[in-house]
Amino acid sequence: MSAPLISCIIPCHNNEETLGTAVSSLLNKDVASKFEIIIVENGSSDYTYRCAMALKENHKDTYNIKVYQSDIGVSNARNCGIEHAKGRYIAFIDADDWMNKADFAVLFQDAEADQFDLYCYGHIAGDEKRPVTDRRQSFSGMQAEFVKAQMIADPTKYMQAWGKLFRMHIIKEHNIRFNNTLSFAEDSDFTLNYLRFASSICFCPELVYHYTLNPNSVMRVFSGEKTKQYLHALYTSKKLVDQESDQIKRAYNRYILMHVNIIMVREVFSLNNP
């Protein structure tokens, strides 16, 4: 069997109720030979691992589904997936989200064309459509540098790990991994690190990803500890841009301000903050 075009990595922790939906959204017999699904269960206390193994068994004759386990934490799970991935590109999918079947085939067209180091797609959050562009746009050279700055300056729009195709050989060659010391903004840190080595970027209008808005998620619930954790993430990511251009450094200042805004909304001025 030839190497897949795309490795779809799904980290899962206590997702027995949603994992099946995430996996089902990827299943398309027309492209079954062109991708692999890598499920990485990490420290669940429910039947997530059993569900993952059942999905693998139920689809073994049609789809290439692999199941692994890692230490607890989404970064550990994604890194485990990267180590086992064989695809030309990597796509990350969270186990409580799903892909838009109508647009999922676009990823394979792009991976087959193999023109750009990074493909960025739009997503739907709840009922809200959040495109990254209204038409397909590609950037390289100095244009790519400008677009990298644009992405870094607006992390909530551009810097998620999901809704993208990352070129595998760049990740492997430069040993780009998720930082497992970060409790927050680990997605942005990974994407920021990757952008340092990407020489071409394509913005795509398709809304390929459905993001689940969970008001009880760790990201949205007041804890009293997130301010320190966010600041740790900002100091950690800053090291990645210290040797970059002034344009990137200025963009990172905006990146900091965006995260300070998140800190203020979700921690400092949270109604649950005593």
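What you see is a predicted model; the values in this text were computed from it and never measured.
Separation of atoms CG (D96) and CD1 (I10) is listed at 11.0 Å; rounding is to 0.5 Å. Taking CG from D189 and CE from M159, the interatomic distance works out to 8.5 Å, rounded to the nearest 0.5 Å. Note that NZ of K226 and CD1 of I263 are 10.0 Å apart. Values are rounded to the nearest 0.5 Å. The line from NE2 of H123 to CG of N100 is 13.0 Å long, rounded to the nearest 0.5 Å. Taking OH from Y230 and NE2 from H259, the interatomic distance works out to 6.5 Å, rounded to the nearest 0.5 Å. Between atom OG1 of residue T212 and atom CG of residue D97 there is a gap of 4.5 Å, rounded to the nearest 0.5 Å.
Every pair passing side chain to side chain donor-acceptor pair (under 3.5 Å) that includes a residue from residues 66-82 is listed here, sequence neighbours excluded: E36-K66, E41-Q69, N76-N180, R78-D94, R78-D187. Pairs passing the salt bridge (Lys or Arg N to Asp or Glu O under 4.0 Å) check and including a residue from residues 115-125, sequence neighbours excluded, read D117-R167.
Between A95 and A22, the shortest heavy-atom contact is O-CB, 3.8 Å. Summarising the geometry of N42 relative to A77, their closest heavy-atom pair is ND2-CB, 3.6 Å, with the distance given to 0.1 Å. Between I248 and A149 the shortest heavy-atom distance is CD1-N, 3.8 Å. The shortest non-hydrogen separation linking S25 to K101 is O-CG, 3.6 Å. Taking every heavy atom of both residues into account, C12 and T48 meet most closely at SG-CG2, 3.6 Å. What you find for N15 and P11 is that their closest heavy atoms are OD1-O, 4.5 Å.
In summary, E112 and R88 do not engage in a salt bridge, as defined by a charged side-chain N under 4.0 Å from a carboxylate O. Taking 4.0 Å as the cut-off between side-chain N and carboxylate O, K148 and E244 do not count as a salt-bridged pair.
Two different hydrophobic clusters hold L165 and W98 under the rule that ILVMFWY side chains link at heavy-atom gaps under 4.5 Å. L182 and I9 are assigned to two separate hydrophobic clusters, defined by single-linkage of ILVMFWY side chains at heavy-atom distances under 4.5 Å. In terms of hydrophobic clustering, with Ile, Leu, Val, Met, Phe, Trp and Tyr side chains grouped at heavy-atom distances under 4.5 Å, M151 and M142 are assigned to different clusters. Linking Ile, Leu, Val, Met, Phe, Trp and Tyr residues whenever their side-chain heavy atoms come within less than 4.5 Å places I170 and I152 in a single cluster. In the hydrophobic clustering of this structure, V268 groups with I256; members are Ile, Leu, Val, Met, Phe, Trp, Tyr whose side-chain heavy atoms approach within less than 4.5 Å, directly or through other members.
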Would N64 and K86 count as a side chain to side chain contact (heavy atoms under 4.5 Å, CB included) if you check the C-alpha gap in whole Å, the side-chain angles of each, and the deciding distance to 0.1 Å? CA-CA 11 Å; N64 183 11; K86 305 296 183 185; over 6 Å; no
Between L192 and R196, does the side chain to side chain contact (heavy atoms under 4.5 Å, CB included) criterion hold? Intermediate values first, please. CA-CA 7 Å; L192 178 59; R196 297 164 62 210; 5.7 Å; no
Given side chain to side chain contact (heavy atoms under 4.5 Å, CB included), test I90 with M168 step by step and report yes or no. CA-CA 6 Å; I90 285 180; M168 171 74 80; 3.6 Å; yes
Criterion side chain to side chain donor-acceptor pair (under 3.5 Å) on S138 and Q115, from CA distance to verdict: CA-CA 10 Å; S138 57; Q115 290 182 297; over 6 Å; no
Determine, stepwise, if the pair I262 / M258 fulfils side chain to side chain contact (heavy atoms under 4.5 Å, CB included). CA-CA 7 Å; I262 293 171; M258 290 290 284; 5.7 Å; no
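Dense packing is recorded around CZ of R136, with more than 12 heavy atoms of other residues, nucleotides or ligands lying under 6.0 Å away. Few gaps surround CD on E83; more than 12 heavy atoms of other groups in view lie less than 6.0 Å from it. Atom CZ of R254 sits in a sparse spot, with 12 or fewer heavy atoms from other residues, nucleotides or ligands closer than 6.0 Å. Heavy-atom neighbours of K172 NZ from other residues, nucleotides or ligands within 6.0 Å: above the threshold of 12. Open room surrounds NZ on K238; 12 or fewer heavy atoms of other groups in view lie less than 6.0 Å from it. Counting non-hydrogen atoms of neighbouring residues, nucleotides and ligands closer than 6.0 angstrom, the CZ atom of F146 reaches no more than 12 such neighbours.
No donor-acceptor distance shorter than 3.5 angstrom exists from the side chain of S200 to the backbone of S140, with no hydrogens or angles considered. Between the side chain of Q229 and the backbone N or O of F184 there is no donor-acceptor pair closer than 3.5 Å. For K34 (side chain) and I6 (main-chain N/O), no donor-acceptor pair under 3.5 Å exists by modelled atom type. With hydrogens and angles ignored, the 3.5 Å screen pairs no side-chain donor or acceptor of E145 with any backbone N or O of G141.
Side-chain contact check for I124 versus H210: some heavy-atom pair is nearer than 4.5 Å. Residues E17 and D46 form no side-chain contact, since every pair of their non-hydrogen atoms from C-beta on lies 4.5 Å or further apart. Counting only heavy atoms from C-beta outward, the side chains of V74 and H13 never approach each other to under 4.5 Å. Inter-residue side-chain proximity for L107 and M99 is flagged as met; some heavy-atom pair is nearer than 4.5 Å. Contact check for I37 versus I93: no side-chain heavy atoms found under the 4.5 Å cut-off. Contact check for K56 versus Y63: no side-chain heavy atoms found under the 4.5 Å cut-off. Counting only heavy atoms from C-beta outward, the side chains of Y121 and V106 approach each other to under 4.5 Å. Side-chain contact between V67 and Y49: present, with at least one pair of heavy atoms (C-beta onward) separated by less than 4.5 Å.
The aromatic rings of Y255 and Y252 sit parallel to each other, their planes meeting at less than 30°, with 60° as the upper class boundary. By the 30° and 60° cut-offs, the orientation of the rings of Y211 relative to W162 is parallel.
Partners of Y158 under the ring pair (Phe, Tyr, Trp, His ring centres under 6.0 Å) rule, at least two apart in sequence or in another chain, are F203. Looking at residues two or more places apart in sequence or on another chain, you find no salt bridge (Lys or Arg N to Asp or Glu O under 4.0 Å) involving E173. Residues satisfying the side-chain hydrogen bond (donor to acceptor under 3.5 Å, both in side chains) criterion with S24, sequence neighbours excluded, are absent altogether. By the ring pair (Phe, Tyr, Trp, His ring centres under 6.0 Å) test, F104 pairs with F108, sequence neighbours left out.
Of the residues listed (F166, F197, Y194), the one engaging H174 in a ring pair (Phe, Tyr, Trp, His ring centres under 6.0 Å) is F197, and it is the only one.
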